[in-house]
Number of protein chains: 2
Amino acid sequence: MAATLKDVAKKVGIHPATVSRALNPNTAHLVNAATVTKVRKAAAALNYVPNPMAAGLRTSRSHTIGVVIPDLNNPVFPGMVRGIQDTLSRTGYTPLLVNTDNDPESEAHVIAALSARRVDGFILATARRDHPLLVELSEKFPIVLINRVSESVQLPSVSADDLHGIRLAVEHLYGLGHRSIAHIAGPAWSSSGHERSQAFSKAMRDHELVPARRPVAVTAWNIESAREAALRLLADNPTVTAIVSANDQIALGAIAAAKTLKRRCPRDLSVVGYNDMPLMDLVDPPLTTVRVPQHDIGAESARLMLSLLVEEGSTPIKQVRLTPELIIRSSTAPPRGTS
Amino acid sequence: MAATLKDVAKKVGIHPATVSRALNPNTAHLVNAATVTKVRKAAAALNYVPNPMAAGLRTSRSHTIGVVIPDLNNPVFPGMVRGIQDTLSRTGYTPLLVNTDNDPESEAHVIAALSARRVDGFILATARRDHPLLVELSEKFPIVLINRVSESVQLPSVSADDLHGIRLAVEHLYGLGHRSIAHIAGPAWSSSGHERSQAFSKAMRDHELVPARRPVAVTAWNIESAREAALRLLADNPTVTAIVSANDQIALGAIAAAKTLKRRCPRDLSVVGYNDMPLMDLVDPPLTTVRVPQHDIGAESARLMLSLLVEEGSTPIKQVRLTPELIIRSSTAPPRGTS
DNA sequence: CCTGTTATCGCAATCGATTGCAATACGTGG
DNA sequence: CCACGTATTGCAATCGATTGCGATAACAGG
């Protein structure tokens with residue numbers, strides 16, 4: 001059905017090998033300029049499209065990249081995925097997208113499936129702190145970590161500068177007059193959650209503030225778990241006037257918790273989110289949050305991956321940090337009793 | 001590096017062809033049961049993983065499905081995509097996901113790219129009414145339409161029963177006492193928008209109501225465009241007390257418009273959305289909307305595609321309609337002046 | 001004991017592109 | 001006029017799995 005190299009060769013009257021070389025930018029210099037144009041024309045006329053399976057079989061490179069994310073339904077990820085898709089597709093690579101639902105076992109499954117598909121590399125957005133898979137995987141494949149850095153192995157990564165982002169949140173609250181600021185951290189197994197928690201401690205110390213007596217973390221990255229955590233937090237520390245959340249879902253959960261305790265946000269409790277995922281400007285109240293450049297993170301990770309694929313090992317490991325930005329909306333206000 | 005059929009064959013002491021047959025469930029009956037088990041064991045020992053490029057080259061089937069959606073950032077789509085992924089992956093197929101940004105030219109591009117990748121079929125979520133590509137594409141590939149049905153060609157499709165869904169919305173408003181109900185339609189080029197608009201007219205007629213004088217449609221599926229449309233609508237028809245929107249974004253835009261006109265929702269204006277995308281329970285006010293089973297739509301479309309792939313043409317064209325459900329929240333209320 | 005099945009398995013071609021190597025032609029300097 | 005370098009192209013092997021066809025053996029019936 002579809003035209004092959006041989007068809008093009010026959011039409012021009014030359015050997016398929018020459019056609020292959022003529023059509024490949026890397027080898028086109030090996031072939032006479034005149035024949036190159038003839039080949040190009042013939043290929044276009046037959047609308048020849050190279051068969052990636054044949055090429056892949058021979059070269060053992062599939063021009064696909066495995067993209068592993070926890071869950072596409074979590075609104076933070078589509079932005080990053082778009083960033084990846086947009087820049088990968090412009091170079092002939094195709095992302096293969098899978099979800100893990102934050103389940104290590106499921107992650108092992110999908111990674112095995114992607115290896116079976118012979119992906120050329122992995123972009124991983126699954127941020128567990130204890131991640132044994134990572135080491136052995138990194139020996140077999142180029143890897144770029146997204147939204148986190150690795151503790152065990154030194155690996156290329158792209159993420160937001162959480163230290164800076166969390167500091168922005170704390171400074172904002174401090175500036176409003178808050179002194180009793182608490183943090184609701186991500187799950188214990190989460191690497192990004194851990195990092196932001198550390199960042200919070202540091203920012204508080206820098207302002208000579210002390211965090212809430214008992215640190216609180218969610219058990220899963222979802223609103224309901226966050227609501228429970230916030231309830232615990234507010235019960236333990238009734239004087240808390242502001243909360244810095246490890247992500248937007250947690251902030252939403254905190255606001256929900258406040259509501260059930262008849263504390264209104266922001267009048268009685270200020271809440272800051274993290275990520276600025278879609279629709280955060282339309283929730284009630286519009287969420288003050290730290291915007292991380294989701295699309296850029298994705299795009300940059302793809303670019304990093306592409307460079308790994310050509311530079312062939314010799315590259316020094318790059319860890320990119322993109323700077324987030326504070327978006328002030330209506331979930332934060334001066335604490336009660338402030339003029 | 002990786003083990004091949006030949007390696008397994010050598011280990012068992014038989015010909016690669018036999019190994020191939022033994023490992024393929026469709027041909028395993030051609031080979032002695034005892035050797036099958038020996039082959040299986042050897043394959044496991046060498047942890048042999050078949051090379052999909054080699055297989056694909058020979059069989060010219062890639063076991064990949066092109067999934068074309070307008071924009072992953074639109075929160076309605078991730079749910080459907082998950083549905084597709086979840087059911088495809090369980091059968092060894094891999095979805096290749098691309099975005100069109102609702103641009104026909106970009107759509108042509110991505111479809112060409114997917115054809116180049118030799119996908120086995122397409123699941124299309126791009127719902128233009130005038131869609132010339134569709135016809136020629138449907139001659140070369142199995143196609144499943146998602147979230148729409150085709151007007152020009154008869155094609156397999158999976159979508160919500162919009163007639164029913166819109167009727168639920170109208171009935172709900174009617175039941176609350178509304179009589180002056182308007183519709184804000186999707187873009188003129190959109191097939192799903194058109195269908196819902198028709199459904200609205202029908203539902204109104206069935207209740208012996210007349211729609212707003214001048215029909216209003218957005219120019220794009222986004223909040224800002226919807227806000228403008230709603231502004232126009234409310235200027236033309238100040239007596240309108242309720243709006244049925246073609247999707248949730250439009251509903252959010254309508255609420256925003258009401259806000260700028262100092263009309264509060266739901267006190268002065270009731271608004272109902274469509275789709276029930278994530279976070280619609282947390283916006284201000286929580287949105288009454290028609291929930292379409294996003295995950296199920298995706299899953300069903302994948303199942304349909306798989307059946308097309310095996311049944312090989314003989315199937316009667318199936319058009320699946322899933323029934324939506326009204327989710328009543330706080331953006332709807334009885335009109336002013338009702339006790 | 002012979003013939004016709006049936007069950008198993010091997011052979012070899014094939015899918016389409018890539019690439020190391022060889023071959024040819026053409027020029028140039030000596 | 002010759003040796004040698006360069007530019008261009010052809011040849012053929014190769015990647016790994018699949019599959020039509022033929023070969024062999026075992027087995028049943030007559």
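Computed over heavy atoms, backbone and side chain alike; hydrogens, waters and symmetry mates excluded. Every chain is numbered from 1, with letters handed out A, B, ... down the list of sequences.
Cation-pi check for R128(B) over W189(B) is met; the charged atom lies under 6.0 angstrom from the ring centroid and within 45 degrees of its normal.
Remark: S20(B) is not in phosphate contact with dA17(D), judged by side-chain N or O atoms under 4.0 Å from OP1 or OP2. The phosphate of dC15(D) has neither OP1 nor OP2 within less than 4.0 Å of any side-chain N or O from S60(A).
Counting to the nearest Å, the C1' atom of dT14(D) and the CG atom of L57(A) are 8 Å from each other. In this structure, H29(B) places its NE2 atom 9 Å from P of dA7(C), rounding to the nearest Å. N24(B) places its CG atom 7 Å from the P atom of dT19(D), with the value rounded to the nearest Å. H15(A) has its NE2 atom 13 Å from the C1' atom of dA22(C), to the nearest Å. For the pair D7(A) CG and dC15(C) P, the interatomic distance rounds to 11 Å; values are reported in whole Å. We find that CG of N32(A) is positioned 16 Å from P of dA25(C), with the value rounded to whole Å. Atom CG in L5(B) sits roughly 14 Å away from atom C1' in dG10(C) (whole-Å rounding). Regarding R61(A), its CZ atom lies at a distance of 14 Å from the C1' atom of dA17(C), rounded to whole Å.
At the heavy-atom level, L30(A) lies under 4.0 Å from base atoms of the strands shown. When heavy atoms are screened at a 4.0 angstrom cut-off, A17(B) is found touching base atoms of the nucleic acid. Across all strands, T35(B) comes closer than 4.0 Å only to sugar-phosphate atoms, never to a base (heavy-atom distances).
Across dG10(C), dC9(C), dT19(D), the shortest atom-to-atom separation from the side chain of V31(B) is found for dC9(C). Closest to the side chain of T59(B), out of dA17(D), dT19(C), dT19(D), is dT19(D).
For R118(B) and dG16(C), a side-chain-to-base donor-acceptor distance below 3.5 Å is absent, hydrogens and geometry of angles not being considered.
Between D86(B) and H295(B), the side chains place a donor N or O and an acceptor N or O closer than 3.5 Å (distance only, hydrogens not considered). Remark: the S157(B) side chain and the S159(B) side chain contain no N/O donor-acceptor pair separated by less than 3.5 Å.
Projected onto DNA chain C by closest heavy-atom contact, T18(B) and P16(A) fall at different nucleotides, the more 5' of which corresponds to T18(B). When each of R21(B) and Y48(B) is assigned the nucleotide of DNA chain D with its nearest heavy atom, Y48(B) is the one assigned upstream, toward the 5' end. Mapping A55(A) and G13(B) onto DNA chain C via the closest heavy atom, the residue that lands nearer the 5' end is G13(B).
Of the options V36(A), V39(A), T27(A), a side chain to side chain contact (heavy atoms under 4.5 Å, CB included) to R21(A) is made by T27(A) and by none of the others.
For the atom pair CD1 (I146(A)) and CD (E300(A)), the distance works out to 10.5 Å, reported to the nearest 0.5 Å.
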